[in-house]
**Student:** 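A single structure is presented below for examination.
Along the sequence shown, the residues carry numbers beginning at 1. Both backbone and side-chain heavy atoms feed into the values below; hydrogens, waters and symmetry mates do not. Since we're looking at a predicted model, the values are computed, not measured.
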Amino acid sequence: EEAWLTVEPTSAVIAPGASTDINYFCSALELEAGDYLGTIDITSNDPDEPLLTFTINLVITPGVGNSDDDLPVATRLIGNYPNPFNPVTTIEFALHQETRVELEIFNMKGQKVITLVSETRSPGKYQVIWQGKDANDNAVASGIYLYRLKTTDHTQVRKMILLR
């Protein structure tokens with residue numbers, strides 16, 4: 001039986017000059033952990049280049065499975081989707097053991113915008129929704145934001161883009 005991959009979202013609009021560092025999350029069925037090379041085709045409205053083909057490196061990480069029975073073997077910040085987003089994004093992370101968790105959003109000046117999680121959580125995979133608002137429930141401006149997952153023994157930071 002052939003392994004297959006589903007990528008979400010299946011479409012995205014990238015504005016001219018925008019970052020092409022976009023995270024897509026996917027489920028990989030029947031793929032062993034490891035690195036895979038492939039291509040992705042992107043349809044463009046540019047008449048000179050209506051179809052763009054990019055080589056991709058797909059990394060399948062063990063420990064974050066498709067079943068609730070699969071417990072992560074490592075604590076990690078999986079990422080957010082969609083990215084760029086407007087006005088809501090979902091941040092995913094995995095915990096391999098019970099630990100104190102802080103998930104915080106920062107602006108590019110390093111100022112904390114909001115704390116989304118600050119509690120002890122059990123091992124597992126989690127999704128947290130950020131609605132693009134600060135701690136006072138005010139909508140934040142378009143721009144690049146950093147989100148940080150901090151546990152007892154792990155800290156990881158990623159960036160995301162809010163386009164209003």
**Student:** Which heavy atom of V113 sits nearest to which heavy atom of F106, and what is that distance?
**Tutor:** CG2-C, 3.9 Å
**Student:** Atom NE2 of H154 and atom CZ of R76: how far apart are they, to the nearest 0.5 Å?
**Tutor:** 9.5 Å
**Student:** Less than 4.5 Å apart, any side-chain heavy atom of L71 and any of V73?
**Tutor:** no
**Student:** Taking all heavy atoms of P82 and all of V88, pick out the closest pair and write down the distance.
**Tutor:** CD-O, 3.9 Å
**Student:** Are the charged groups of R121 and E98 less than 4.0 angstrom apart, N to O?
**Tutor:** no
**Student:** Within the 4.5 Å heavy-atom criterion, are F93 and L103 side-chain neighbours or not?
**Tutor:** yes
**Student:** With side-chain contact (heavy atoms from CB on, under 4.5 Å) as the test, pick out the partner of I91 among V117, N80, L149.
**Tutor:** N80
**Student:** So S118 and E102, do their side chains get closer than 4.5 Å, heavy atoms only?
**Tutor:** yes
**Student:** What's the shortest heavy-atom distance between Y126 and L95, and which atoms?
**Tutor:** CE1-CD1, 3.8 Å
**Student:** At their closest point, which heavy atom of P72 faces which heavy atom of A94, and how far apart are they?
**Tutor:** CG-CB, 3.7 Å
**Student:** With a 4.5 Å limit on heavy-atom distance, are the side chains of L116 and I105 in contact?
**Tutor:** yes
**Student:** Judged by atom type as modelled, is there a donor-acceptor pair below 3.5 Å linking the side chain of N136 to the main-chain atoms of N138?
**Tutor:** no
**Student:** Got R148 and Q156 here, is their nearest side-chain heavy-atom distance under 4.5 Å?
**Tutor:** no
**Student:** So, does N83 use its side chain to make a donor-acceptor pair with the main chain of I161 at under 3.5 Å?
**Tutor:** yes
**Student:** So which atom in V140 and which in K133 form the shortest heavy-atom distance, rounded to 0.1 Å?
**Tutor:** CG1-C, 4.0 Å
**Student:** If you define the side chain from C-beta out and look only at heavy atoms, does anything of Q131 sit under 4.5 Å from P87?
**Tutor:** no
**Student:** Examine Y147 together with W130 and report whether their ring centres are nearer than 6.0 Å.
**Tutor:** no
**Student:** Using 0.5 Å steps for rounding, measure from the OG atom of S142 to the CG atom of N86.
**Tutor:** 7.0 Å
**Student:** Less than 4.5 Å apart, any side-chain heavy atom of Q97 and any of S122?
**Tutor:** no
**Student:** Is it the case that the side chain of T115 and the backbone of E104 share a donor-acceptor pair, with hydrogens and angles ignored and the cut-off at 3.5 Å?
**Tutor:** no
**Student:** When rounded to the nearest 0.5 angstrom, what is the spacing between CD1 in I78 and CD in E92?
**Tutor:** 5.0 Å
